[in-house]
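Accompanying notes for the structure given below.
Letters A, B, ... are given to chains in the order of the sequence lines, protein chains preceding strands, and every chain is numbered from 1. Computation of the quantities below employed the complete heavy-atom set of this structure, encompassing side-chain atoms and omitting hydrogens, waters and symmetry-equivalent molecules. What you are looking at is a predicted structure, and each value in this text was computed from that prediction instead of being measured.
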Amino acid sequence: MDWSKTLNLPKTDFPMRANLPQREPEILRFWEEIDLYRLVQQKTAGRPKFILHDGPPYANGHIHLGHVLNKVLKDIIVKYRSMSGYDAPYVPGWDTHGLPIEQQVIKSLGLDWRKVGPVEFRRRCKEYALRFVEIQRQEFKRLGVRADWEHPYLTLMPFYEARQIEVFGEMAKRGYIYRGLRPVYWCPTCETALAEAEIEYAPKESPSIYVRFRVKDGKGLLPSDAAFVIWTTTPWTLPANVAVCLHPELDYVLVRVGKERLVVAEVLLPSFLEVLGVEGGEVEARFKGKELEGIVLEHPFFERDSLVVVDTYVSAEQGTGCVHNAPGHGEEDFVTCRRYNLPVISPVDGRGYFTEEGGPFAGKFYLEANEDIMAELRRRGALLAAGRITHQYPHCWRCKNPVFFRATEQWFASIDGFREQALKAIRSVRWIPAWGEERIYNMVASRGDWCISRQRWWGVPLPVFYCARCGKEIINETTIEHIKNLFAEHGSDIWYSAPLEVLVPSGLTCPACGSKEFTQEKDIMDVWFDSGSSHWAVLRQPSPWPDQHWPADLYLEGSDQHRGWFNSSLSTAVAITGQPPYRAVLTHGFVVDEEGRKMSKSLGNVVDPQEVMTKLGADILRLWVCSADYRGDLAASDNILRQVAEAYRKIRNTFRFLLANLYDFDPAEALPYSELLELDRYLLMRLEEVKRRVLRAYEEYEFHLVYHSIYSFCTVDLSAFYLNVIKDRLYCSLPHARERRAAQTVQYRVLLDLLRLLVPVLAFTTEEIWRHVKVVGEKPVSVQLLDFPEPDDSLLDPDLASRWDKLLRVREEVLVALEKARKEKLIGDSLEAKVKLFVKAEELEWWNAAREDLRTICLVSQLELLPGESLKVEVEPAEGQKCARCWMYSPEVGKDGDYPELCPRCAAVVRELSSR
RNA sequence: GGGCCCAUAGCUCAGUCGGUAAGAGCGCACGCCUGAUAAGCGUGAGGUCAGUGGUUCGAAUCCACUUGGGCCCA
């Protein structure tokens, strides 16, 4: 007789193996068909809004793990909010202008951007950007991210560009925009000014030279044959030298070295003498740097003076403590020399070649001029020492070539104009984690003015005209309004395609000279100005995204954006509204490898999300994001993903088992709490605790706690405990038996609660599970249309908790004893055992009342309680025969005439079944 | 060189205001089961809480420094 046919064994179509790479695309198609985003928005309409404003990724290249981390975190938050009482519309965006795209277009199309002209060149850039917008859109969708993918915002949209012009106009109106000659980072290869954000530091070998500057007027302090010694690694900047800078508080000495009398910082004298290879060095006089201020020196090879100046940035760690200053080629030099009204000499052109101002070096590429200049110094005996040095030097982030400072006409946003307001705004924002506040505060407090002009084509033009006669720049409400409207209608391409009379508002006259002839600005805006205007373009109403509001409730990006997007957005918002564009800012760390090192092609430790999706599935990536604490760096490797995949299988299989045990359960038949067994109530209490912990974790953006709580509940509470222990009830009882329905009631509740709590994380799998869930009443078409479970105080019972904690502690003792018996070959399956439990005599009554519960959770056939000294467990073989149906041992087996193989319980069940 | 951050078993994480001998799961080893079966269960071995010094009756926890790593800047 095959008694298994009389059992209620689990039954389900839900597959054990996920096969996510195949199944996920089907589910994506389903979401498209039902237009899930729209359905959710319809459902949540009218609720309070939660606006997560998407930071636009750059439309260049395929997505990497960093994108995955960022977009999945956003998706988790949006889904959590829309299941928890909010209306959380999510408009994705892309950053589509800028140098990297220009360079890709030049490289991949072999396009000579000087020849095709701006209109055609910009058309190609736009095509390129849109191609990658489409690629990334598909890749983001593939991750299961729910967004308004059909209506994203792109920084190249005419509406967006018009709003950006508005931002510029508002800032100009408040006097925050100015034009000035300043040294800026300049890339001679790309022929453009670069923002600080576009600079990378890399090792570079440079000359290291010590140069003598003779005293022309020692102001009575220094003899006429004295000289200062400067140290520099950029000989080519010497033609632009106008000063030598000392630290005001540092001690300087006049020393005799051979026939020379030289001035250097005292602390640096030993290292300086070592470089010269000279012994001794007799100190003749000693001065504070500030005492020497105003002494006049001779330029080493030009007929020009060089002034001794002082500033506190001078370092006493390297060189001579005397710093050669060329205000046209250095930020600090510029600032110092401006105080002394010294001229800004800038003898190098945009391609890096010396101009006529460079005298004998005219026509030389600046780096090649190093040799000529050193030769000139040597000829004049001014070169005291020369060597080579490898140091960290700024390079262009795109072309990787060295850059330099060059004084040029640039457009700036004055940070000083609104710095105090910005700092105050920072204090009013919630920064998550909290240390983000200090970080951005220090940055804003110390940053210089923002150079917003770029000598490029792929971007939003600076909306400025110049008087053709007197050169006066013209930005006013009329011109801004006119240009804004033109851009809104035609896009900024019109700046390059339309004649000037279309661009200039009719009737415009120069306020300075009255001329009616104008020229237009050729520079475009820094891309950080583009993305930094997104809050105004997208959130400010009315806009093509009417469900947004200003300010955003949350910005969420990597911690590098404290200086990037958080900063540029804050600047534009504070400048034109006085308020921050976000109420809260959440940052995550960076993806690193298992050893904590950054991912790089050269290290060969890059994990490709496309590959993970093809091999394991997007839900594995999503679970990975959720499993780790994103406040620090996130480690990713094959090993770590394998572990996440294992955890996924465990969670999936737990759901499968729940579904399988509910195959004949009608949720309408769920039993009330009062009719459940104590074990059932205990489990529901555990569920309640987990639920609360998970809800709190979502609310506090601590998603790794969501993962660990749920995973641990599946493993420890469900799989190893409850689900294992209730099998006898589920399988062996009559189908409609109350105790069986009780176990199903609990499992159904667990299923629905866990399922909903996991929807923001396991986007695909929860949808798949949902298709196998029966509900009372109308069933929503997607699991994402459900709401989160809410706390239920009625499930908490402290007395029950303490009683069962006690039982579970004893269970652990019993399991150890059973394992020992198994080792001794006394038993195999735990049902083959009888447990003798010795407890204190005075507690015997309490334990006897719990005897059946204890036997059940230990999964043994018999459990006997005996008085003893202290808790002790003994194991012996179970009495009687094994029931062929439920596999429990009982002395009663064999006593039933009809069913001699069965225990009395099973005999009764089978008798009832066969009588139907 | 400066600002901010991270460091608890091989991996991912707990560890409340400083307080019994530092916890979980996975992985691993060794078993059990074959009615969750390309599943399920049990037991066990793994830790100088990065290091050093300090505060304290007592430190994974507080302070200082060091090392390694990350982001941003110079």
query = For the pair made of CD1 in A/Ile440 and P in B/rG3, what is the distance, rounded to whole Å?
reply = 18 Å
message = Would you say NZ of A/Lys204 has more than 12 non-hydrogen atoms from neighbouring residues, nucleotides or ligands within 6.0 angstrom?
response = yes
task = Between protein and nucleotides 23-32 of chain B, map the contacts as a letter string: B base, S sugar-phosphate only, - none, heavy atoms under 4.0 Å, written 5' to 3'.
result = --BSS----S
key: Watson-Crick/G-U partner (both atom distances under 3.5 Å) of B/rG1   = B/rC73
task = Can you tell me the distance, in whole Å, between the CZ atom of A/Arg642 and the P atom of B/rU12?
result = 13 Å
message = Using the side-chain heavy atoms of A/Asn442, tell me which of these nucleotides is nearest: B/rG3, B/rU34, B/rG35.
response = B/rG3
message = Which is it for B/rG46, anti or syn, if anything within 90° of zero counts as syn?
response = syn
message = Between B/rC73 and A/Arg447, counting only base atoms on the nucleotide and side-chain atoms on the residue, is there a donor-acceptor pair under 3.5 Å?
response = no
ask   = For A/Ile640, which contact category applies under a 4.0 Å heavy-atom criterion: base, sugar-phosphate, or nothing?
value = sugar-phosphate
Nearest-angstrom distance, P atom, B/rA9 to B/rC41 = 26 Å
query = Once you round it to whole Å, what is the distance between C1' of B/rG40 and NZ of A/Lys727?
reply = 5 Å
request  = Return the nucleotide paired to B/rG53: Watson-Crick means purine N1 to pyrimidine N3 with N6-O4 or O6-N4, wobble means G-U with N1-O2 and O6-N3, both under 3.5 Å.
outcome  = B/rC63
ask   = Between A/Arg696 and A/Glu699, is there a side-chain N and carboxylate O pair less than 4.0 Å apart?
value = no
remark   = Looking only at B/rA14, B/rC11, B/rU37, the nucleotide nearest the A/Arg631 side chain is B/rA14
request  = Using the C1' atom as the reference point in each nucleotide, state the distance between B/rA14 and B/rC71 in Å, no decimals.
outcome  = 27 Å
message = Suppose you measure atom C1' in B/rC33 against the same atom in B/rA50; what distance do you get, rounded to whole Å?
response = 43 Å
message = Between A/Lys650 and A/Glu646, does any side-chain N to carboxylate O distance fall below 4.0 Å?
response = no
task = Spell out, as yes or no, whether a donor-acceptor pair under 3.5 Å connects the side chain of A/His329 to the backbone of A/Phe405.
result = yes
query = Can you tell me how far P in B/rG1 sits from the matching atom in B/rU66, rounded to whole Å?
reply = 11 Å
ask   = Is A/Lys872 salt-bridged to A/Glu874, cutoff N-O under 4.0 Å?
value = yes
Test: A/Glu832 and A/Lys882 ion pair at under 4.0 Å = no
inquiry  = Rounded to whole Å, please give me the gap between NE2 in A/His704 and C1' in B/rU8.
reply    = 13 Å
task = Please check the phosphate of B/rC41 (OP1 and OP2 only) for any side-chain N or O of A/Ser719 closer than 4.0 Å.
result = yes
query = Reckon A/Glu594 touches a base, only the sugar-phosphate, or nothing at all at heavy-atom distances under 4.0 Å?
reply = sugar-phosphate
note = From the list A/Asp619, A/Ile651, A/Thr765, side-chain contact (heavy atoms from CB on, under 4.5 Å) with A/Leu758 holds only for A/Ile651
query = Across the strands shown, which category fits A/Ala660 at heavy-atom distances under 4.0 angstrom: base, sugar-phosphate, nothing?
reply = nothing
task = Under a 3.5 Å limit for both distances, which nucleotide forms a Watson-Crick or G-U wobble pair with B/rC26, could you say?
result = B/rG10
inquiry  = Check this for me: does any side-chain nitrogen of one of A/Arg822 and A/Asp829 sit under 4.0 Å from a carboxylate oxygen of the other?
reply    = no
request  = Write down the distance separating the P atoms in B/rU48 and B/rC5, rounded off to the nearest Å.
outcome  = 28 Å
inquiry  = Can you measure A/Lys11 atom NZ to B/rA39 atom P for me and round it to whole angstrom units?
reply    = 23 Å
Residue matched to B/rA38 through Watson-Crick or wobble contacts both under 3.5 angstrom = none
ask   = Which part of the nucleic acid, if any, lies within reach of A/Arg652 when heavy atoms closer than 4.0 Å are counted: base, sugar-phosphate only, or nothing?
value = nothing
ask   = Starting at the 5' end of RNA chain B, which residue's closest nucleotide do you reach first, A/Asn639 or A/Arg597?
value = A/Asn639
Among B/rC5, B/rA14, B/rG35, the nucleotide that comes nearest once only the side chain of A/Asp629 is considered = B/rA14
remark   = Taken to the nearest whole Å, CG/A/Leu9 to P/B/rG35 is 8 Å
ask   = Now, which nucleotide makes the Watson-Crick or G-U wobble pair with B/rG47, with each of the two distances under 3.5 Å?
value = none
message = Pairing check on B/rG58: which nucleotide meets the Watson-Crick or G-U wobble criteria with it, both distances under 3.5 Å?
response = none
request  = Hey, which sits more toward the 5' end of RNA chain B by its nearest nucleotide, A/Ala884 or A/Asn653?
outcome  = A/Ala884
query = Given atom CG of A/Asn661 and atom C1' of B/rG40, what is their separation to the nearest angstrom?
reply = 12 Å
key: Closest to the A/Ser559 side chain, choosing from B/rC71, B/rC13, B/rA36   = B/rC71
Atom P, compared across B/rG3 and B/rC13: separation rounded to whole Å = 28 Å
Whole-angstrom distance between B/rA64 and B/rC72, as gauged at atom C1' = 25 Å
Aromatic A/Tyr441 / basic A/Arg427 pairing, under 6.0 angstrom, 45° off normal = yes
task = Determine the interatomic distance between P on B/rC49 and the same-named atom on B/rA60; round to the nearest Å.
result = 7 Å
Residues A/Glu438, A/Trp431; criterion side chain to side chain donor-acceptor pair (under 3.5 Å); working and verdict = CA-CA 9 Å; A/Glu438 280 315 294; A/Trp431 300 90; over 6 Å; no
A/Leu723 CG - B/rC33 P separation (whole Å) = 22 Å
Closest nucleotide among B/rC5, B/rG35, B/rC41 to the A/Asn724 side chain = B/rC41
